[in-house]
Amino acid sequence: GKGEFRVELLRQFVLLIVCFGAGALYGWSALAAPLQAAFGVTTAQVGLVFSVALLSFTAAVLLVPTMARRISQTSTLSIAALLAGVFITAAAFAPSFWLFAALFGVGFGATSGSLYSTALGIAAASTAPRLTTPMTVSAFGLGGFVFGPLWKALVAAQWGLSALLPLSIVMIIGGGLVMIVGVPTRAVDHTALNRKPTDPSKGHGAPMSSGLLVLIWLIFAASAFAGLMVLGLAAKIMDASRATVVLTSTVLAGVALANTSGRLSAAWLGSGRYSTVRGLLISCSLTALGLLTAALHVSPLLLGAGLVLIAGGYGLTASAIPLLTAQKSTPEDFQRQFGIIFTAWGAAGFIAPWLAGRLFDLSGSFLPAFAIAAVTTVLSAGFILWFRRKLS
């Protein structure tokens with residue numbers, strides 16, 4: 001009835017709220033300046049916090065499927081959201097850099113990953129995964145779109161690391177709401193969990209071979225490198241070009257919006273055999289164009305435009321990879337196999353921000369980092385074409 005429908009709609013909304021809060025991780029670069037001001041750390045150390053956060057995020061994505069047999073999805077979401085609020089609040093008042101790195105990098109990184117993995121598992125098991133999966137990852141990206149510029153504005157208003165506190169409120173409220181209303185159930189097709197499609201190119205496929213799993217892993221690692229570098233250090237890259245606070249804030253909003261739009265655009269890739277592969281190739285093209293624009297920029301405005309293009313390409317990859325995994329695996333295997341593939345994101349996320357920051361500390365320029373990202377983008381295109389040949 002109408003009452004049941006409204007409850008399910010409310011549950012879906014609450015699920016998107018906790019995804020939104022977890023996605024604030026993508027607004028991290030706005031905290032670079034207050035972190036350096038508070039503790040006098042290097043650019044490499046700033047990048048290291050984001051790298052540790054992504055590593056913790058990945059570990060959580062791997063562990064959550066194994067915990068699902070013991071802890072319900074409602075409990076996982078509510079506990080993770082409430083703990084995220086606690087970690088963020090403590091990080092805002094951390095007396096040392098390494099304690100901040102532990103609270104934000106390990107604590108919030110792990111809880112954010114738990115929220116993302118659980119929400120994505122719910123979306124992938126729905127009757128319309130091609131719509132609900134991009135919606136879920138888009139809500140995650142929207143968190144960066146809102147909190148990145150918000151943190152930048154609050155830092156400019158002399159909030160320092162206390163700019164984190166609005167996120168604490170969102171996470172605590174979200175965790176409480178999940179505990180009260182539960183998680184979506186209406187969209188889940190429970191009978192589908194026992195069906196084996198005869199055509200692997202349509203919907204959920206047969207069990208994935210180890211060769212395909214490794215190839216998707218390589219695609220994700222190479223394709224995500226440039227985007228994660230930008231998401232981790234966009235504000236620092238703009239600050240290094242002597243951009244104004246207004247332009248930097250605008251670019252941060254543009255980066256987050258492009259990331260979110262790229263994720264949502266995967267919903268329109270279609271259901272053909274090669275549709276997701278085409279989306280990944282488009283992602284590589286956007287990233288390559290963005291890297292070229294950023295590397296050859298003659299003004300901070302063009303540099304910002306390049307960063308936005310890179311973020312758009314990354315967003316499309318971030319949404320296409322779960323779809324590709326779902327197409328090539330059974331519903332009951334999806335969360336476990338995606339957890340393995342997601343370690344590619346963790347590897348790229350751990351290396352890219354730290355390496356880019358380290359190269360900047362050594363050379364005073366982000367050009368070497370852009371060059372390395374260009375190489376990984378070319379490699380990703382090669383892996384995608386190899387995957388396409390395996391489908392033919």
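By the 4.5 Å heavy-atom criterion applied to side chains, Leu212 and Phe387 are counted as neighbours. No side-chain heavy atom of Met171 sits less than 4.5 Å from a side-chain heavy atom of Phe87. Looking only at side-chain heavy atoms (C-beta outward), Val308 and Leu257 stay at 4.5 Å or farther from each other. Taking 4.5 Å as the limit, every side-chain heavy atom of Ile216 sits out of range of all side-chain heavy atoms of Phe383. Taking the side chain as every heavy atom from C-beta outward, Ile321 and Phe338 approach each other to under 4.5 Å. Annotation: side chain of Leu286 is not in contact with side chain of Ile310 (no heavy-atom distance under 4.5 Å). Leu54 places a side-chain heavy atom less than 4.5 Å from the side chain of Phe50. Using a 4.5 Å heavy-atom threshold, the side chains of Leu218 and Val214 count as touching.
Follow the hydrophobic side-chain contacts under 4.5 Å out from Leu379 and you reach Phe370 in the same cluster. Hydrophobic clustering (side-chain heavy atoms under 4.5 Å, transitive across Ile, Leu, Val, Met, Phe, Trp, Tyr) groups Ile88 together with Val106. In this structure, Leu164 is not a member of the same hydrophobic cluster as Phe93, with clusters built from ILVMFWY side-chain heavy atoms closer than 4.5 Å. No continuous path of hydrophobic side-chain contacts links Val251 to Leu296 [ILVMFWY only; heavy atoms under 4.5 Å]. Residue Phe225 is grouped with residue Trp386 when hydrophobic side chains (ILVMFWY) are merged at heavy-atom distances under 4.5 angstrom, including chains of intermediate members.
Screening Leu77, Leu177, Val181 against Leu15 for a side-chain contact (heavy atoms from CB on, under 4.5 Å) leaves a single residue, Leu77. Tested against Trp28 for a side-chain contact (heavy atoms from CB on, under 4.5 Å), the candidates Val46, Leu231, Leu233 yield a single pass: Val46. The ring-ring contact (aromatic ring centres under 6.0 Å, His included) with Phe57 is formed by just one residue from the set Phe108, Tyr116, Phe104; it is Tyr116.
The two residues Ala295 and Leu367 make their nearest non-hydrogen contact at O-CD2, 3.4 Å. Closest of all the heavy-atom pairs between Thr42 and Gln45 is N-OE1, 3.0 Å. Contact between Ala119 and Thr136 at its shortest, heavy atoms only, is CB-CG2, 3.8 Å. Closest approach of Val18 and Ala81 over heavy atoms only: CG1-CB, 4.2 Å. Taking each heavy atom of Thr287 and Ala226 in turn, the nearest pair found is CG2-CB, 3.6 Å. Summarising the geometry of Ala80 relative to Thr111, their closest heavy-atom pair is O-CB, 3.5 Å, with the distance given to 0.1 Å.
The closest donor-acceptor contact from the side chain of Ser380 to the backbone of Thr377 lies under 3.5 Å. Judged by distance alone, the side chain of Thr89 and the main-chain N or O of Gly85 form a donor-acceptor pair under 3.5 Å. For Ser117 (side chain) and Gly113 (main-chain N/O), no donor-acceptor pair under 3.5 Å exists by modelled atom type. Ser78 contributes a side-chain N or O that, together with a main-chain N or O of Ser75, makes up a donor-acceptor pair within less than 3.5 Å. The backbone N or O of Gly315 lies less than 3.5 Å from no partner atom in the side chain of Ser319, so there is not a single donor-acceptor pair.
Between the CG atom of Leu247 and the OG atom of Ser241 there is a distance of 7.0 Å, given to the nearest 0.5 Å. Between Thr276 atom OG1 and Leu281 atom CG the span is 11.0 Å, to the nearest 0.5 Å. If you take CG on Leu307 and CE on Met229, they are separated by 8.0 Å, rounding to the nearest 0.5 Å. From Ile79, atom CD1 reaches atom OG of Ser72 across 8.0 Å, with rounding to the nearest 0.5 Å. Remark: Leu316 CG to Cys284 SG distance equals 9.5 Å, nearest 0.5 Å. The CD1 atom of Ile237 sits 7.0 Å away from the CG atom of Leu303 when rounded to the nearest 0.5 Å.
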What pairs of donor and acceptor atoms, side-chain ones from residues 342-362 against any protein atom, are under 3.5 angstrom apart with sequence neighbours left out?
residue : atom : partner : partner atom : Å
Thr343  : OG1  : Trp217  : NE1          : 2.6
Thr343  : OG1  : Ile340  : O            : 2.6
Trp345  : NE1  : Tyr314  : OH           : 2.6
Asp361  : OD1  : Thr43   : OG1          : 3.3
Asp361  : OD2  : Ala44   : N            : 2.9

For residues 139-157, tabulate all N or O donor-acceptor pairs below 3.5 Å that involve a side-chain atom, not counting sequence neighbours.
residue : atom : partner : partner atom : Å
Trp151  : NE1  : Ala163  : O            : 3.0

Open item on the list: Walk me through whether Leu16 and Gln12 qualify under side-chain contact (heavy atoms from CB on, under 4.5 Å).
Closed with: CA-CA 6 Å; Leu16 294 180; Gln12 186 64 52; 4.1 Å; yes

Open item on the list: With side-chain contact (heavy atoms from CB on, under 4.5 Å) as the criterion, how do Leu324 and Leu280 come out once you've worked through the C-alpha distance, each side chain's angles and the decisive distance to 0.1 Å?
Closed with: CA-CA 10 Å; Leu324 192 64; Leu280 289 168; 4.1 Å; yes

